[in-house]
Amino acid sequence: MEKLILIDGNSIIYRAFFAMPPLTNSSGLHTNAVYGFTNMLLRLIQEENPTHILVAFDAGKETFRHEGYQEYKGGREKTPSELSEQFPLMRELLESLGIAWFELSGYEADDIIGTISKQGEDSGREVLVVTGDKDMLQVVSDKVTVALTRKGISEVEPYGPKEIEEKYGLSPLQIIDLKGLMGDASDNIPGVPGIGEKTALKLLHQFGSVEEVLSHTDELKGKMKENLVNHAEDARMSKRLATIFREVPVERSWEDMTFTGLKEETAVPMLRKLEFKSLLERLSFTGGDSEAGHEAAEPVKELDVTIVNAAVMPELGELLPQIKDLHVESSGENPHHAILMGMVLSTPERHFYISPEFLKSEEAGPILAWLKDENVPKRGYNLHRTDLTLHWEGIPFAGANFDIELAAYLLDPTENDQTLSALSTKYGISRLASDDDVYGKGAKFKVPNEEVLSQHLARKCDAIMKLVPLQEAELEKNEMRSLFYDLEMPLSRILADMEKQGVAVNRDDLVELGKEFEAQISKLVAKIYEIAGQEFNLNSPKQLGEILFDKLGLPVIKKTKTGYSTDAEVLEKLAPYNDIVQYILEYRQLAKLQSTYVEGLLKEIRSETGKVHTYFRQTVAATGRLSSQYPNLQNIPIRMEEGRKIRKVFVPSEEGWLILGADYSQIELRVLAHISGDKGLQEAFLHDMDIHTKTAMDVFGVSADQVDANMRRSAKAVNFGIVYGISDYGLSQNLNITRKEAARFIDQYFDAFEGVRKYMDEIVRDAKRDGYVKTLLERRRYLPEINASNFNLRSFAERTAMNTPIQGTAADIIKLAMVLMDEALSSHGLKSRMLLQVHDELVFEVPPEELEVMTKLVPETMEKALKLSVPLKAEVSSGLNWYEAK
DNA sequence: AAGTTCACG
DNA sequence: ACGTACGTGAACTTT
């Protein structure tokens, strides 16, 4: 016998919230309502043993009931943010448990339940509705039982036709009439004044329905008669409002609601994230090893680790073909200078520890062959680092197939602790000591003896093996398999190749440039000390502040947490008061160039190669962008001529070759045109117009030739603001205008680009509902603060919701282009090399005979990376160095 | 380890 | 009214 449980999600989560004491997980997320709801859900499943389950939610503020009666549900307290932030969590949890949920704009959960219960009943199935709302009793029948919550949510009381008759002396449908007469304060349904439950029941027992009561008012008397006559229309309307609509266009099939058991593989990580330990135990989802939950009680069992030596090699050689999991341990921040500490290869039963010495010995041949075989799929943690570490040891590595760190990043790019230890805890697999605990941190770092080390590394490899299927299930659930396997995994190998290649730097020219800067700096310092009347540490904002504001008496424009602000923005405003300010600004600029770019870059040049080898981090930026370290080659100066000269020292690594750069033109605004569907913006890009001029025309309502430089500048700032998730305050700061003027600009922009306005509204609304936003390629970013009551936190999350799909999709696109470019270079047999990515730009070094083909191939490949409703455009240029490739 | 400033997209 | 533009990394000073 099939049995469906229908749950009124809103009703239950509200009741759970107020019934449960406050509860947060360790990251401060409120979870009490989710906990209460889940508890009840699990109890229901256990007791009722349903074959189908659906949780219905209200969607949107406006429902069809508001059409006839604007005050419907008026006067309600705003939902506290501690509760509203739990809605997205609840939906996510339901999905991970494998329980269907549904909502439909314009309808309440009641109506969805009314509709589905009717369908169930019509097809002869048994239905149990769970809610805290008595209105729901109207759907009761032989087949449909309504369970009303009692005492918070800890108990439910089932109502069939018999129970309703016993309690009220009414039929289920008469519940509507009851509500029509007595009203409902919580929904702001008026009813008839002076008539409460007692009177209403008396009337209904006598006449049967609202209509009958109203047509027999002559048989009544006194105040009650008067009220009924005067409020007849209120009574009819109240009845209409209380009537559950049972014809909702529900697009959920019976199969969609099938419940065959909880989905352990996705439920466990979610319950772990919420830190619902008691639920995990109750479900005996302790996962793999049993120590989770009672860590102290059970001793951690030793893994079977074999230290590999010549004698063990034959045995390992036998097993190699079936090994997929490895962990290479190395120390040091910079992977290009990492020190190899050891390696573990694992089967489900056994772990093989290979010391650095053995790996470099003659006997390790089969292991090296295994490592470099691209047809052997390998799974590990940060295989990008593994590749680089081994590379500098002279050991080729290929075949990366599943990277735990990369998967963790895609599943939650804002989580900053993605260590194997943290992931083990999160997914509830056997505990893994943190590296800091095993090695000590900072100056205390020490490699333990081989027995301890090999055991720790084996545990890591064991964790990798266990995490793979869990993360795979989550990637699958989030529809991220393609993003992971087709984009990020291939890209990680490409990045490693680019980094190994490195970029040649002309050391002599850089030193020379440093001398020029030095000469200018010492002149400026002398002048500054002269005006100040004393020497001081110019690099100290504190000392500088004392000179400027206390000694020279300049006006204080802005303060920081710790004292006077002396940033460039403040100094610009102070410039008219004293010449010293201009000198300080110039000093700051040159000092930055000298320390970060001349001295900093010189330190990063590898003497053996004369190159810098940056490390592109693929798992840090919340939007999906890359970042670059040791050195950062994504922030080499370009805006100011003095700094731009730095680019002259980045040169081809081979005689006669050239540097070629190609950058996307307005990629973010093109992405916005695509995802917002705004016709005007799309039109502009289809005709390849100057987008800032076009914006100025539409915002100021003028023709192209009427747009002056200032209008274009303003329009450009507005466009930036739009991409960043606009706010009047931010724009006013940028353009140095009042907030009111900025607000007017924004309004005019949205009037001109209605599609963009609609997108911005919708993305924020979606984020509030789902708790996350997505890019075109399904990259996610969770926004837990989107429903916060704190204005600052919430506003920040709202701007992030607007910006991330744009910036993130642009990141997706250039990553796609890199994968395509890598394929194109090898399929065309070209010698040209991809060296750098700078968010919307790719940099190559090219032999002269390939310049022509590359000048065509690179922009073409970038432009076809992803098909949008507007064309992508890439512009290419080349020269003897990076400065000239502009 | 945190705060300030500034380089880039 | 609330008070900030989005995303990074490095150098330097102060705590």
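Treat the numbers as computed from the prediction; the structure is a model and nothing was measured.
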Practice prompt. Could you please spell out the steps behind the side chain to side chain donor-acceptor pair (under 3.5 Å) verdict for A:Y759 and A:R757?
Written response: CA-CA 5 Å; A:Y759 161 74; A:R757 170 182 275 149; over 6 Å; no
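Atom pair A:E642:CD and B:dC8:P shows a separation of 13 Å (rounding to whole Å applied). For the pair A:I636 CD1 and C:dT8 C1', the interatomic distance rounds to 13 Å; values are reported in whole Å. A:D567 places its CG atom 5 Å from the P atom of B:dT5, with the value rounded to the nearest Å. Atom OH of A:Y749 is separated from atom C1' of C:dA5 by 15 Å (rounded to the nearest Å). The distance from atom CZ of A:F616 to atom P of C:dT8 is 16 Å, rounded to the nearest whole Å. Taking atom CD of A:E599 as the reference point, atom P of C:dC12 lies 7 Å away to the nearest angstrom. Residue A:E604 contributes atom CD, which lies 16 Å from atom C1' of B:dA7 at whole-angstrom precision. The CD atom of A:Q807 sits 17 Å away from the P atom of B:dC8 (whole-angstrom rounding).
Annotation: C:dT4 and B:dT4 have their P atoms spaced 13 Å apart (nearest Å). Straight-line distance between the P atoms of C:dA5 and B:dT5: roughly 13 Å, to the nearest whole Å.
The base of C:dG9 does not come close enough to the side chain of A:R617 for any donor and acceptor atom to sit less than 3.5 Å apart. Between the base of C:dT4 and the side chain of A:S727 there is a donor-acceptor pair shorter than 3.5 Å.
For A:Y724, taking side-chain heavy atoms from C-beta onward, the closest of the listed nucleotides B:dA7, C:dC6, C:dA11 is C:dC6. Nearest nucleotide to the side chain of A:R588, out of B:dG9, B:dT5, C:dA10: B:dT5. Proximity note for A:F796 (side chain, C-beta onward) versus C:dC6, B:dC6, B:dT4: the nearest is C:dC6. Distance from the side chain of A:R625 is smallest to C:dG7 among B:dC8, C:dC6, C:dG7. For A:R799, the side-chain atoms get nearest to C:dC6 when compared with the rest of B:dT4, C:dC6, C:dT8. Side-chain proximity of A:N632 to B:dT5, C:dA10, B:dC8: nearest is C:dA10. Of all nucleotides listed (B:dG9, B:dT5, C:dA5), B:dG9 comes nearest to the side chain of A:I638. Nearest nucleotide to the side chain of A:H839, out of B:dC6, C:dG9, B:dG9: B:dG9. In this structure, the nucleotide among C:dG9, C:dA5, B:dG9 sitting nearest to the side chain of A:I726 is C:dA5.
Other residues, nucleotides and ligands place no more than 12 heavy atoms under 6.0 Å from the NZ atom of A:K758. In this structure, A:K558 places its NZ atom where more than 12 heavy-atom neighbours from other residues, nucleotides or ligands lie under 6.0 Å away. Atom OH of A:Y729 is surrounded by 12 or fewer heavy atoms from other residues, nucleotides or ligands within 6.0 Å.
The side chain of A:T566 places an N or O atom within less than 4.0 Å of a non-bridging phosphate oxygen (OP1 or OP2) of B:dT5. Note on A:T800: every side-chain N or O is 4.0 Å or more away from OP1 and OP2 of C:dC6. A:Q634 has no side-chain polar atom (N or O) that falls below the 4.0 Å cut-off from OP1 or OP2 of B:dA7. Within the structure, a side-chain polar atom (N or O) of A:N537 is placed less than 4.0 Å from OP1 or OP2 of C:dT13. In this model, the phosphate group of C:dG9 is approached by a side-chain N or O of A:S627 to a distance below 4.0 Å at OP1 or OP2. An OP1 or OP2 oxygen of B:dT4 is reached within less than 4.0 angstrom by a side-chain nitrogen or oxygen of A:T562. For C:dC12, neither phosphate oxygen OP1 nor OP2 lies less than 4.0 angstrom from any side-chain nitrogen or oxygen of A:S540. Neither OP1 nor OP2 of C:dC2 sits under 4.0 Å from any side-chain N or O of A:R794.
Ring to ring, A:F536 and A:Y529 are close: their centroids are under 6.0 angstrom apart. Annotation: A:F753 is in aromatic contact with A:Y749 [ring centroid separation under 6.0 Å].
Checking each of A:H337, A:K500, A:H613 against A:L388 for a side chain to side chain contact (heavy atoms under 4.5 Å, CB included) leaves exactly one that passes, namely A:K500. The side-chain hydrogen bond (donor to acceptor under 3.5 Å, both in side chains) with A:T804 is formed by just one residue from the set A:R781, A:R799, A:K774, A:R779; it is A:R781.
Although no hydrogens or angles enter the test, the distance criterion places no donor-acceptor pair under 3.5 Å between the side chain of A:E599 and the main chain of A:T596.
Nearest-nucleotide mapping onto DNA chain C: of A:F791 and A:Y630, the residue sitting toward the 5' end is A:F791. Nearest-nucleotide mapping onto DNA chain C: of A:R739 and A:N803, the residue sitting toward the 5' end is A:R739.
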Item to complete: For DNA chain C, produce a single dot-bracket line, 5' to 3'. Pairs: Watson-Crick or G-U wobble, both distances under 3.5 Å. Symbols: ( ) within strand, [ ] crossing, | other strand, . unpaired.
Response: .....|||||||||.
